[in-house]
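By convention in this document, chain letters (A, B, ...) are assigned in the order of the sequence lines, proteins followed by strands, and residues within each chain are numbered from 1.
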Amino acid sequence: MSYLSISHVTKQFGDTVVVDDFNLDIEKGEFVSFLGPSGCGKTTTLRMVAGFEIPTAGKILLDGADITDKAPNQRNVGMIFQSYALFPNMTVAQNIGFGLSVRKESKEMVAQRVDEMISLINLEKHALKYPYQLSGGQQQRVSLARALAIHPQVLLLDEPLSALDAKIRVSLRAEIRAIQKKLGITAIFVTHDQEEALSISDRIVVMNSGLMEQVGTPFEIYNFPTTVFSANFVGSLNNASAEVVDPALSLISIDGVQFESAVDLKERKKGDKVRVAIRPERLSFASEQKKANVVDSIIENITFLGSVVRIRVKIGNTKFNMDTFNNPFLDLPKIGAVEQVTCSREAVLVLDE
Amino acid sequence: MTTSPASATVTVKRPVVRNRLVSWLIFGVVSLYFLIPLAATFYWSLRGMKDVLGFEAYRKLFADTNFLPAFSQSIVNAVATIFLSLLIVVPTAYWVTLRLPKLRPVVEFITLLPFVIPAVVLVFGIIRLYSAPPLLFTATYNSSRIVLIFVYVCLSFPYMFRSVDNGLRAIDVRTLTEAAQSLGANWGTILFRVIFPNLRVALLSGALLTFAIVIGELTIALYMAQHTLGPYMSDLTRSKVYEPSAMAIVAFAITWAAMGIIDFVGRGATRHVQMVEAD
Ligand SMILES: Nc1ncnc2c1ncn2[C@@H]1O[C@H](COP(=O)(O)OP(=O)(O)OP(=O)(O)O)[C@@H](O)[C@H]1O
Ligand SMILES: [Mg+2]
């Protein structure tokens, strides 16, 4: 039996279904991200776990207990908000101690736990400051400490990094992950930033307009997307419509150019329309040894992106992006030149149209 | 190279200086509007003795055995009004902001009713309603006084609601409430430890306005036969020459002093709470 179980949860506001039959089992100590575009129901799902919304249907079990209808202050759940939500009238120490003093813990116990938390987030020098005297990153760390101080069973984070600038965002997400691992706490992290989700999570739930598209490890989600949506949403992607040529040999054709895929196509028939997806970094210029999937292409454009050089090539009538790592000795072709490009059979993903 | 920043600062500075001058000018004119009547009243109050300026009028005023009781009664009424008004308005405004934002215009309109209904109309309505059984609340002086305080609470609504509403808009009520809830706080704790302390300035300005209204209120107190400051002052104006001016100055000074004390106590209290909790 899993630690947190969200089963067949549906949420409607009036007539609109915002979360549709959400099913997820989370193990103790697991870090799960909800990833999806704006308005897809990530926050709503999280708020149902926190108790701020009650599901229209379905159940939420935490450590075996049904918490579906429990009031938020009766659940032992820590919540982190995008806007930090620190109490402006309290110092850092008082903010962190709030949950414990509400629970009527002894003064010594509160003080000890507050000290512990403050050193966990490295803000010893700021214990007596007020929130307005801290930077955004520091405030979010205080709010993390405040949520953790009460030993929550689950930590819920709703886009906690969105209000911060890029550098802090990266360092704080590493810090959050390190603390989560150290304490072995179960966490749900909401984000619409795919890089964030890929780098921080044990598992990712890709969501799209209230539905779960795919659940899997970052590795699975990135390398083996099962739907067009999750393939497009996570990472950048070339995709083209194609036709099955030979189901037995997994041969498909994009505008008459044949590709061989590692995906089993036996379920499909010759002539079926499918969607083919290839990640830009899986395409490369062909060297002599390669045999599978070597095709002619015309170089259309070359864009320098820092560590990566993005080359736009035309295969048949379809344009593809091809990414290659930058290095000073890179031998780049001329625009308009015809070059052979290739990709492995595994790189050719076949998804439903 | 060295001249260009200098000339830049000059061109930037000049409008600022002119703006400031205009601001001070407006401030000065508006101040005169307040200060001239005040100064005139003060001057008049000093002429209690023939041909000499002195505090004779003040001496007579304080010697009057009716003055201090009326004054203290008004202050007690004001404090009770503020207390009740806060207890009604803050939770209401908080709940409306949090859960019933659509009802805000309705609640706002209700709180504005005291502006729409003239005091005379209000007091006759109250007397008609509450001076006959089964709602006979005006039988004794003290029971009437309680009715009076509740009427004052209603009169304070427009000011109190506006101040509190402004204060609530300045903080993120919903997120703070949810943060507190997820930390285990119940409604009482949220109100008294999170909402009230963050509304300090707003509550103070609401309280100040309420205090000023109650101290100076005449019509309703008069018709309800209450011996508060308003009726006392109107009596005095009819029978004495210099004492009313002295009285106005005293009332003015004490009102401001009282507000100063509320402000000081309010500030001290929050600081004290914070220090105790930090220990
Ligand atoms: N209280 C509510 N009443 C009505 N509709 C709501 C309510 N809360 C959310 N919604 C709707 O539900 C949908 C999902 O909202 P939700 O906040 O869960 O999205 P999200 O995935 O968190 O998006 P974002 O990335 O923008 O935060 C939205 O279309 C939103 O308008
Ligand atoms: Mg959201």
Exercise: identify the closest heavy-atom pair between [X] and [Y]:
X        : Y        : value
A/Val102 : B/Thr189 : CG2-CG2, 4.0 Å
A/Phe87  : B/Val194 : CD2-CG1, 3.7 Å
A/Ala85  : B/Thr175 : CB-CG2, 3.5 Å
A/Ala147 : B/Leu183 : CA-CD2, 4.4 Å

Give a yes or no on this: more than 12 heavy atoms of other residues, nucleotides or ligands lie within 6.0 Å of atom [atom1] of [X].
X        : atom1 : value
B/Phe83  : CZ    : no
B/Trp24  : CH2   : no
B/Arg104 : CZ    : yes
B/Arg162 : CZ    : no

By salt bridge (charged side-chain N to carboxylate O under 4.0 Å, His left out) - contacts of B/Arg169 (at least two apart): B/Asp165
Can you find a side-chain donor-acceptor pair between A/Arg75 and B/Ser182 that sits under 3.5 Å? no
Looking only at atom types and distance, does a side-chain atom of B/Asn198 sit under 3.5 Å from a main-chain N or O of A/Asn89, one as donor and one as acceptor? yes
Note: vs chain B, highest number of non-hydrogen pairs under 4.5 angstrom among A/Ala127, A/Pro152, A/Gly99 is A/Gly99
Please flag which part of A/Leu86 lies under 4.5 Å from any non-hydrogen atom of chain B: side chain, backbone, both or neither. backbone
Would you give me the side-chain donor-acceptor pairs under 3.5 Å for residues 39-52 of chain A, sequence neighbours excluded?
from	atom 1	to	atom 2	distance (Å)
A/Lys42	NZ	A/Gly36	O	2.9
A/Lys42	NZ	A/Pro37	O	3.1
A/Thr43	OG1	A/Asp158	OD1	3.4
A/Thr43	OG1	A/Asp158	OD2	3.1
A/Thr45	OG1	A/Gly41	O	2.7
A/Arg47	NE	A/Glu53	OE2	3.3
A/Arg47	NH1	B/Glu178	OE1	2.8
A/Arg47	NH1	B/Glu178	OE2	3.0
A/Arg47	NH2	B/Glu178	OE2	2.8

